[in-house]
Undergrad: 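Right, I'll just put the structure down here and ask away after.
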Amino acid sequence: MTDGSVVDIDIDIDLDHAPEARPASSSRPMPWLVATGVTVLAAALGVTLTLRSGSAPACAAGRTLAAAPPTGNATHSGKASFYDSNGAGGNCSNPAAPANRLYVALGPTEYSAGAACGGFLDVTGPKGTVRVLIMDRCPECAPGHLDLSREAFARIADPVQGLVAVTYRAVVNPPLPGPLTFRIKEGASQWWFAVRVGNHGNPLRSVEVRQGDSGPWRSAARQEYNYWLLASGAGPGPFSVRVSDVYGNRATVDGIRMAPGQVQNSAVRMYARGAVAATPRQSATTRPPGNRPTGTPTPARRPVEVARASAAATDPPATSPAAANARWCAA
């Protein structure tokens, strides 16, 4: 210690696991004394103590992509493959695939636990542009990887390619296929409530429910399979449901009945035809709900056949997806 040599001390402290419970012993130094001694020794020797834990360092944490659906007018770069839902409505619990069979599955980051459901994307590839409904989740897809329906892929590229570079952007206030629809989930009762909203056009921000047409609004929790849940129930009904989307459009519908498994049609549209900005709250007028039975929603994405590329497209994409908001550390 007196010859001027440098002593390296490597001390690992595991912060991920609680210390084992041991009986106190007078022969063992107290933990705070050990920590104090180590700190004093480190200061005396001029060394740095590194606490190692299982959590990612700040630099690694920056690599995590924020989960969020594509929104706004930003154009994103990525790649596209294709699959077939076999007519099912995907992880968004649609009663079925859209009649035109133009749909897309997003990876977990952009699917964002169901937040993307019901929105639309314009996707551009080598042959042109196609508009697709977001209705499914692609577990194996990284951010920027779109898994299109076979029919949608054929609109933008030759299917023999299997995987192509694309650009895509969200469609803000797309033309609506009709007024809002509501489907109370099977098993619902006055003590457990879950509803799926259809024909909203843009991704939804919130769904609120109240018993009757007065009283306090209660915020429902979005589920990964695109139902909105009140775990303690909302009462016997009928209900008023208030729906808001990510662009500020809001609509309220009264008279939704406790009719599990049935699609109930309203006369209220989420926003006016041709709207280009957020619209004011619409009146709460409805027509009597319909009684069209429908199949049980698909709780998870069905197994799919993902086309493999015969000649790989640009991978990774030329630019990172704009919605990802990633912070990369210098090498």
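Residue numbers run from 1 in the order of the sequence given.
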Undergrad: Determine whether more than 12 heavy atoms belonging to other residues, nucleotides or ligands lie under 6.0 Å from atom CH2 of W191.
TA: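 12 or below, so no.
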
Undergrad: Are F153 and Y83 near enough that their ring centres are under 6.0 Å apart?
TA: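 Ring centroids of F153 and Y83 are no less than 6.0 Å from each other.
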
Undergrad: Could you walk me through whether D122 and T129 satisfy the side-chain hydrogen bond (donor to acceptor under 3.5 Å, both in side chains) test, starting with their C-alpha distance in whole Å, then the side-chain angles of each, then the deciding distance to 0.1 Å, before giving a yes or no?
TA: CA-CA 7 Å; D122 281 343; T129 300; over 6 Å; no

Undergrad: Crowded around R101 CZ? As in, over 12 foreign heavy atoms under 6.0 Å?
TA: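 Buried by this count: over 12 neighbours within 6.0 Å.
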
Undergrad: Are a donor atom and an acceptor atom from the side chains of Y111 and N91 found within less than 3.5 Å of each other?
TA: yes

Undergrad: What I want to check is whether the side chains of N199 and T181 have a donor and an acceptor closer together than 3.5 Å.
TA: no

Undergrad: Do we see a donor-acceptor contact under 3.5 Å between the side chains of R183 and Y227?
TA: yes

Undergrad: Under a 3.5 Å cutoff, is there a donor and acceptor pairing between the side chains of S232 and R218?
TA: yes

Undergrad: List the steps, then state whether side chain to side chain contact (heavy atoms under 4.5 Å, CB included) holds for M258 with I184.
TA: CA-CA 7 Å; M258 177 59 76; I184 308 298; 4.1 Å; yes

Undergrad: Could R242 and W217 be counted as a cation-pi pair, given that NZ or CZ must be under 6.0 Å from the ring centre and within 45° of the axis?
TA: yes

Undergrad: Is there a donor in the side chain of R196 and an acceptor in the side chain of N94, or the other way round, less than 3.5 Å apart?
TA: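 Yes, N94 and R196 have a side-chain donor paired with an acceptor closer than 3.5 Å.
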
Undergrad: Side chains of S81 and D147: do they bring a donor and an acceptor to under 3.5 Å?
TA: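 The answer is yes; a qualifying pair exists.
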
Undergrad: Show the numbers, then the answer: is there a side-chain hydrogen bond (donor to acceptor under 3.5 Å, both in side chains) between Y103 and S85?
TA: CA-CA 9 Å; Y103 53 85; S85 76; 3.2 Å; yes

